[in-house]
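Encoded as structure tokens, the structure appears first; notes follow it.
Here is how names work: the chains are called A, B, and so on, in the same order as the sequence lines, proteins then strands, and each is numbered from 1.
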Protein chains: 2
Amino acid sequence: MRIGQLARRSGVSVRALRYYEEQRLLESARTPGGQRDYPDEALERVQLIQDLFAAGLSSRTVVELLPCVSTGVATPAMLDQLITERDRIAARIRDLNRARTKLGRVIENVTAASVVQD
Amino acid sequence: MRIGQLARRSGVSVRALRYYEEQRLLESARTPGGQRDYPDEALERVQLIQDLFAAGLSSRTVVELLPCVSTGVATPAMLDQLITERDRIAARIRDLNRARTKLGRVIENVTAASVVQD
DNA sequence: CTTGCACCTCACGTCAACGTCAGGTCGTAC
DNA sequence: GTACGACCTGACGTTGACGTGAGGTGCAAG
């Protein structure tokens, strides 16, 4: 599978895929002509990377954690980092819930005011 | 209240406070000598700004929404934007929950594997 | 009056995850 | 053999929320 097709299937840009390779997040075989050739599993890999990015992990963190995420084997240090990241995400979720609640109240306020105006 | 004290009380940097002013998120009176002088309400304001930033809103969005957040009065367009942002936050929370669950499973996996090794 | 910390205004630097452009190559269909 | 889209490698540009000096001023204390 070539890079354009992987890009379309995964929904990320060609540039992003090359960036992932540069960051050692994703490998590729090469055709004799030098073009990237991905196996089918690359699709899952890319989706996993996207999930971790979406969770706010940096590429440095992802490259450190990807091995144990895909193999299930981790050193104590990696386990620590996994837990740290999970807790960071949980904290972020709490922040977002606070903000959402706050915005929700503002919306109620505003809506109520406009109802009064009707 | 001067900028250093506001910074310490709110937990944001002096630079950030000046940046907020530059972005029209925060006003300040000036002493005859040209130094910023904040009223006590500035503290809540800064915390509100931080909450909205933490929720992933840009300073442009915040500057558009701050008036109705503090006054409770909004145009229909502002209400739309409020709802859009709230929904965006909700979607982000769903993403984060997915990622957290995923990491949680990885942690379980890894932990189980090490238990087996014991 | 001078020490010295807090404050001021530019204005360039940073960092991550790509976007974008230049200039050249691959591969396959005609 | 040529047309042409997909691909290649640099390498510079972008964006947001500040960080970080440089060089100068405000102000309360001794």
Side-chain angles (χ1 to χ4, degrees), chain A residues 1-39 42 45-66 81 85 88-89 92 95-96 99, chain B residues 1-39 42 45-66 81 85 88-89 92 95-96 99:
Chain A
M1 174 190 236
R2 286 191 302 174
I3 197 169
Q5 196 173 2
L6 180 55
R8 278 189 302 278
R9 284 196 190 169
S10 62
V12 315
S13 71
V14 167
R15 177 65 174 97
L17 293 176
R18 289 202 269 251
Y19 174 73
Y20 295 167
E21 184 167 329
E22 192 185 321
Q23 301 296 308
R24 303 182 166 284
L25 299 175
L26 182 64
E27 299 176 90
S28 65
R30 296 298 180 113
T31 68
Q35 302 199 350
R36 288 172 180 83
D37 186 21
Y38 296 98
R45 179 93 171 186
V46 171
Q47 283 163 349
L48 176 57
I49 294 171
Q50 284 286 300
D51 283 349
L52 294 178
F53 275 171
L57 306 207
S58 70
S59 74
R60 206 178 67 84
T61 306
V62 173
V63 79
E64 286 168 6
L65 294 183
L66 263 182
Q81 198 170 359
E85 292 303 335
R88 230 180 33 70
I89 293 171
R92 182 119 182 80
D95 284 354
L96 287 180
Chain B
M1 175 192 240
R2 286 191 302 173
I3 197 169
Q5 194 173 4
L6 181 56
R8 278 189 302 276
R9 284 195 190 168
S10 63
V12 316
S13 71
V14 167
R15 177 65 174 97
L17 293 177
R18 290 202 267 248
Y19 175 73
Y20 295 167
E21 183 167 329
E22 192 184 321
Q23 302 297 308
R24 306 183 165 283
L25 300 175
L26 183 63
E27 298 176 88
S28 67
R30 296 298 181 113
T31 68
Q35 303 199 350
R36 287 173 181 82
D37 187 21
Y38 297 97
R45 179 94 171 188
V46 171
Q47 284 164 348
L48 175 57
I49 293 171
Q50 285 285 300
D51 283 349
L52 294 178
F53 275 170
L57 306 206
S58 69
S59 74
R60 207 179 67 83
T61 306
V62 173
V63 80
E64 286 169 5
L65 294 184
L66 262 182
Q81 198 170 359
E85 293 302 335
R88 232 180 32 71
I89 293 172
R92 182 114 183 85
D95 284 354
L96 287 180

What integer distance in Å separates A/Q23:CD from C/dC15:P? 13 Å
Whole-Å distance, B/R30 CZ to C/dC8 P, equals 6 Å
Ignoring the backbone of A/S13, work out which of C/dC8, D/dT9, C/dG19 is nearest its side chain. C/dG19
For atom CD of A/E21 and atom P of C/dC18, their distance in whole Å: 15 Å
What parts of residues 47-65 of chain A reach DNA chain D, counting only heavy atoms under 4.0 Å away? none
Here the side-chain hydrogen bond (donor to acceptor under 3.5 Å, both in side chains) pairs for residues 26-35 of chain B, sequence neighbours left out, are B/R2-B/Q35, B/E21-B/S28, B/E21-B/R30
So CG of A/L17 and CG of A/L6: to nearest 0.5 Å the spacing works out to 5.0 Å
What residues form a ring pair (Phe, Tyr, Trp, His ring centres under 6.0 Å) with B/Y38, not counting sequence neighbours? none
Return the value, rounded to whole Å, for the distance between atom CZ of B/R18 and atom C1' of C/dA11. 13 Å
Mapping B/V14 and A/Q5 onto DNA chain D by nearest heavy atom, which one lands closer to the 5' end? A/Q5
Let me know the distance between CE of A/M1 and C1' of D/dC7, rounded to the nearest Å. 15 Å
According to side-chain contact (heavy atoms from CB on, under 4.5 Å), who are the partners of A/R45, at least two apart in sequence or on a separate chain? A/L26, A/I49, A/L66, A/S70
If you check every side-chain atom of B/Y19, which of C/dT9, D/dC18, C/dC18 has the closest atom? D/dC18
Are A/L25 and A/V62 close enough that some pair of their side-chain heavy atoms sits under 4.5 Å apart? yes
Strictly under 4.0 angstrom, non-hydrogen atoms only: write out the protein contact profile of nucleotides 20-30 of chain C, one letter per nucleotide from the 5' end, B, S or -. B-----SS---
Expressed in angstrom and rounded to an integer, what is the separation of A/D37 atom CG from D/dA6 atom P? 17 Å
Could you say whether A/Y20 or B/G4 is positioned toward the 5' end of DNA chain C, judged by the nucleotide with the nearest heavy atom to each? B/G4
Atom CG of B/L17 and atom C1' of D/dC18 are separated, to the nearest Å, by 11 Å
Please enumerate all residues that pass side-chain contact (heavy atoms from CB on, under 4.5 Å) together with A/E64, with sequence neighbours excluded. A/R60, A/Q81
Exercise: identify the closest heavy-atom pair between A/I89 and B/A99: CD1-CB, 4.4 Å
Would you mind listing every side-chain hydrogen bond (donor to acceptor under 3.5 Å, both in side chains) that reaches into residues 7-20 of chain A, with sequence neighbours excluded? A/Y20-A/Q50
For A/R88, what residues pass the side-chain contact (heavy atoms from CB on, under 4.5 Å) criterion, not counting sequence neighbours? A/L57, A/E85
Could you tell me whether B/R36 contacts a base, only the sugar-phosphate backbone, or nothing, with contacts defined as non-hydrogen atoms closer than 4.0 Å? sugar-phosphate
